[in-house]
Participant: 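What follows is a single structure, and I will ask about it in a moment.
The sequence lines fix the lettering, A, B, ..., with proteins before strands; numbering per chain opens at 1.
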There are 2 protein chains.
Amino acid sequence: MKKPEISRPTLGRIPLYLKYLRSLPPNTESISATAIAAGLGLGDVQVRKDLGILCGSGKPKTGYVRLELIESLESYLECKNGGAVIVGGGQLGKALLDYRGFETFGISVLAAFDKRTAKAESSAKGKPILPVETLPSFCENYEVNLGIIAVPAESAQEACNLLYDSGIRAMWCFAPCQLYKPADAVIQYENLALSLAHLKMQVNQL
Amino acid sequence: MKKPEISRPTLGRIPLYLKYLRSLPPNTESISATAIAAGLGLGDVQVRKDLGILCGSGKPKTGYVRLELIESLESYLECKNGGAVIVGGGQLGKALLDYRGFETFGISVLAAFDKRTAKAESSAKGKPILPVETLPSFCENYEVNLGIIAVPAESAQEACNLLYDSGIRAMWCFAPCQLYKPADAVIQYENLALSLAHLKMQVNQL
DNA sequence: TAGATTGTTAATCGATTAACAATC
DNA sequence: TAGATTGTTAATCGATTAACAATC
């Protein structure tokens with residue numbers, strides 16, 4: 001069950017397709033790319049290309065089998081295994097810990113870890129916030145392959161090292177900084193300030 | 001003092017250039033694009049192109065005048081005027097309210113507004129969290145041109161309408177939903193779940 | 001057959017990178 | 001002059017869109 005490589009925009013459209021396909025009347029057997037495109041405000045060629053990669057071919061005149069599409073798309077998102085942990089139990093860390101949206105892509109955020117936490121606590125939605133010392137053993141007991149760095153820039157390198165030493169090779173960093181990392185680690189930076197600045201620039205141009 | 005149109009990646013590099021230029025010894029008069037590129041790990045042609053748009057020409061053999069570069073870059077980021085407000089005083093709203101990174105791009109986040117807030121409160125870093133009813137009058141008293149939507153998807157449309165009616169035309173939405181908006185409003189969606197899913201996909205391919 | 005729908009190939013667009021001519 | 005550095009023009013790359021031939 002090898003997953004094809006897809007682009008980030010295509011990945012982002014998977015939940016839209018699923019939502020639309022599930023919203024159709026249950027007796028809908030087939031659906032055309034044209035109809036899906038119209039329903040979601042996308043281009044029909046784009047839909048056809050996405051579905052071609054993710055679900056295989058459709059049939060001229062009839063389109064695609066709805067249930068097959070749903071199954072293919074779901075199986076693409078299905079978490080092989082492994083969840084995410086957060087380093088940093090401040091406001092951002094807690095907000096991410098309780099954010100529901102990750103489930104849309106089949107990702108579980110298991111727990112947050114904080115320096116200032118002496119014994120296990122619970123977030124507003126009941127997820128664990130644990131002492132940072134317990135991170136390595138947590139990663140041994142649970143399958144974890146994503147690390148989220150939600151600490152101030154001063155502590156980000158420390159967090160990165162800790163995650164790496166706990167066996168995590170993929171990290172998502174909210175701190176505005178440049179981390180030093182071993183070659184086999186992947187770090188994706190989330191630049192919230194840039195996103196807001198870009199929006200501001202767009203409207204200032206008007 | 002009209003600002004040239006620049007791409008989002010270029011905008012993102014401005015703070016890097018500024019940080020590097022300010023870090024040079026104070027007696028540094030001139031600096032070449034090649035040196036800046038080496039210092040930041042970028043391509044030299046890219047640096048030259050960015051500086052050409054933002055700061056004007058350099059001189060062959062000598063490069064660019066450091067202080068002129070700093071001034072041009074700073075003036076580009078300088079907030080004409082107007083700040084941002086947040087709708088939603090939950091964990092995400094508070095995290096964004098206290099996030100320092102926006103200052104890097106010259107943007108001030110002034111206050112958050114929440115339904116559940118009965119009278120004025122303060123965030124951990126002393127910024128105001130106010131009753132949502134007071135948003136329109138706040139926007140009359142202060143210059144505000146950016147709205148940040150940090151409420152659950154169910155309330156996002158309401159938040160969008162409120163911001164629009166308060167005169168705000170640019171919004172940054174964290175809720176996973178599609179908002180209906182007047183033609184003259186710009187909405188930029190921040191899809192955190194997609195960012196994490198994209199990272200997961202990259203490492204799953206390995 | 002005719003027509004709706006498919007998949008593919010070529011064109012477009014924005015950003016980066018490479019090649020190169022211009023200049024102090 | 002020679003060489004470092006510039007700015008520009010062309011090539012590349014990834015994603016979207018347009019045009020079109022194939023098929024049930």
Side-chain angles (χ1 to χ4, degrees), chain A residues 4-14 16-17 20-21 24 28-66 68-69 72-73 188-189 191 194-195 197-199 201-202 205, chain B residues 4-14 16-17 20-21 24 28-66 68-69 72-73 188-189 191 194-195 197-199 201-202 205:
Chain A
E5 275 200 52
I6 61 174
S7 70
R8 181 180 166 126
T10 297
L11 179 62
R13 287 188 290 266
I14 295 180
L16 305 179
Y17 295 142
Y20 179 79
L21 292 168
L24 293 171
T28 312
E29 293 279 335
S30 296
I31 179 88
S32 74
T34 319
I36 297 174
L40 294 171
L42 303 172
D44 61 330
V45 183
Q46 185 166 72
V47 173
R48 223 167 275 129
K49 208 179 152 212
D50 285 345
L51 296 184
I53 299 173
L54 292 162
C55 311
S57 293
K59 278 184 189 163
K61 183 104 172 172
T62 55
Y64 304 80
V65 179
R66 186 175 73 103
E68 283 178 18
L69 287 187
S72 304
L73 295 170
Q188 183 174 284
Y189 296 91
N191 194 335
L194 173 56
S195 296
H198 181 65
L199 174 64
M201 194 186 66
Q202 280 179 306
Q205 300 295 347
Chain B
E5 274 200 51
I6 61 174
S7 71
R8 181 180 166 127
T10 297
L11 179 62
R13 285 188 291 268
I14 295 179
L16 304 180
Y17 295 141
Y20 179 78
L21 291 168
L24 294 171
T28 313
E29 293 278 335
S30 297
I31 179 88
S32 74
T34 318
I36 298 174
L40 293 170
L42 302 173
D44 61 331
V45 183
Q46 186 166 74
V47 173
R48 225 168 272 129
K49 208 179 153 212
D50 286 344
L51 297 183
I53 299 173
L54 292 162
C55 312
S57 294
K59 277 184 190 162
K61 183 106 175 168
T62 57
Y64 304 80
V65 179
R66 186 174 73 103
E68 283 178 16
L69 286 187
S72 306
L73 294 171
Q188 183 173 283
Y189 295 91
N191 195 336
L194 174 56
S195 296
H198 182 65
L199 174 63
M201 194 184 66
Q202 280 179 305
Q205 300 295 346

Participant: Taking atom CG of B/L11 and atom CD of A/Q202, what is their separation to the nearest 0.5 Å?
Facilitator: 10.0 Å
Participant: At under 4.0 Å, does any side-chain N or O of B/T62 touch on OP1 or OP2 of D/dT5?
Facilitator: no
Participant: Between atom NE2 of A/H198 and atom OG1 of B/T10, what is the distance when rounded to the nearest 0.5 Å?
Facilitator: 11.0 Å
Participant: Can you check whether A/I6 reaches A/I14 side chain to side chain, under 4.5 Å on heavy atoms?
Facilitator: yes
Participant: With sugar-phosphate meaning primed atoms plus P, OP1 and OP2, does A/G58 contact a base, only sugar-phosphate, or nothing at under 4.0 Å between heavy atoms?
Facilitator: sugar-phosphate
Participant: Between B/T34 and D/dT6, is there a side-chain N or O to OP1/OP2 distance below 4.0 Å?
Facilitator: yes
Participant: To the nearest angstrom, how far is B/I53 atom CD1 from D/dT6 atom P?
Facilitator: 15 Å
Participant: Which one is paired to C/dA11, where only Watson-Crick or G-U wobble pairs with both distances under 3.5 angstrom count?
Facilitator: D/dT16
Participant: Given C/dT5, C/dC24, C/dA15, which nucleotide is nearest the side-chain atoms of B/P60?
Facilitator: C/dC24
Participant: Classify A/G43 by what it touches in the nucleic acid, base, sugar-phosphate, or nothing, heavy-atom distance under 4.0 Å.
Facilitator: nothing
Participant: Which one, C/dT8, D/dT16, C/dG7, comes nearest to the side chain of A/S57?
Facilitator: C/dG7
Participant: Using atom CG of A/D44 as one end and atom C1' of D/dT17 as the other, report the distance to the nearest whole Å.
Facilitator: 10 Å
Participant: Would you mind telling me which residue lines up with the more 5' stretch of DNA chain D, B/I31 or A/S7, judged by nearest nucleotide?
Facilitator: B/I31
Participant: Does any N or O in the side chain of B/E68 come within less than 3.5 Å of the main-chain N or O of B/C55, such that one atom is a donor and the other an acceptor?
Facilitator: no
Participant: Tell me the interatomic distance from B/L51, atom CG, to D/dT8, atom C1', rounded to whole angstroms.
Facilitator: 16 Å
Participant: Would you mind telling me which of D/dT16, D/dG7, D/dA19 lies closest to the side-chain atoms of B/Y64?
Facilitator: D/dG7
Participant: Using purine N1 to pyrimidine N3 plus N6-O4 or O6-N4 for Watson-Crick, or N1-O2 and O6-N3 for G-U wobble, both under 3.5 Å, which nucleotide pairs with C/dT23?
Facilitator: D/dA4
Participant: Taking only the side-chain heavy atoms of B/P9 (C-beta and beyond), determine which of C/dT16, C/dC24, D/dG7 contains the nearest atom.
Facilitator: C/dT16
Participant: Between atom NE2 in B/H198 and atom P in D/dG14, what is the gap in whole Å?
Facilitator: 13 Å
Participant: Take atom CG of B/D50 and atom P of D/dG7, then tell me their distance rounded to the nearest Å.
Facilitator: 12 Å
Participant: Within this structure, what is the CD-to-C1' distance between A/Q46 and D/dG14, rounded to whole angstrom?
Facilitator: 13 Å
Participant: Just compare C/dT5, C/dT8, D/dG3 and give me whichever is closest to any side-chain atom of B/K61.
Facilitator: D/dG3
Participant: Whole Å only: how far is the NZ atom of B/K49 from the P atom of C/dA15?
Facilitator: 8 Å
Participant: Say you draw a straight line from OH of B/Y64 to OG of B/S32; how long is it, rounded to the nearest 0.5 Å?
Facilitator: 9.0 Å
Participant: In whole Å, what is the span from the CD1 atom of B/I36 to the C1' atom of D/dT6?
Facilitator: 13 Å
Participant: Side chain of A/R48, heavy atoms from C-beta onward: which of C/dG7, D/dT16, C/dT17 has the nearest atom to it?
Facilitator: C/dG7
Participant: Nearest 0.5 Å please: distance from the CG atom of B/D50 over to the OG atom of B/S7.
Facilitator: 7.0 Å
Participant: Verify the contact: side-chain N or O of A/T10 to OP1 or OP2 of D/dA15, cut-off strictly under 4.0 Å; return yes or no.
Facilitator: no
Participant: Within the structure shown, what part of the strands sits under 4.0 Å from B/G52 by heavy-atom distance: base, sugar-phosphate, or nothing?
Facilitator: nothing
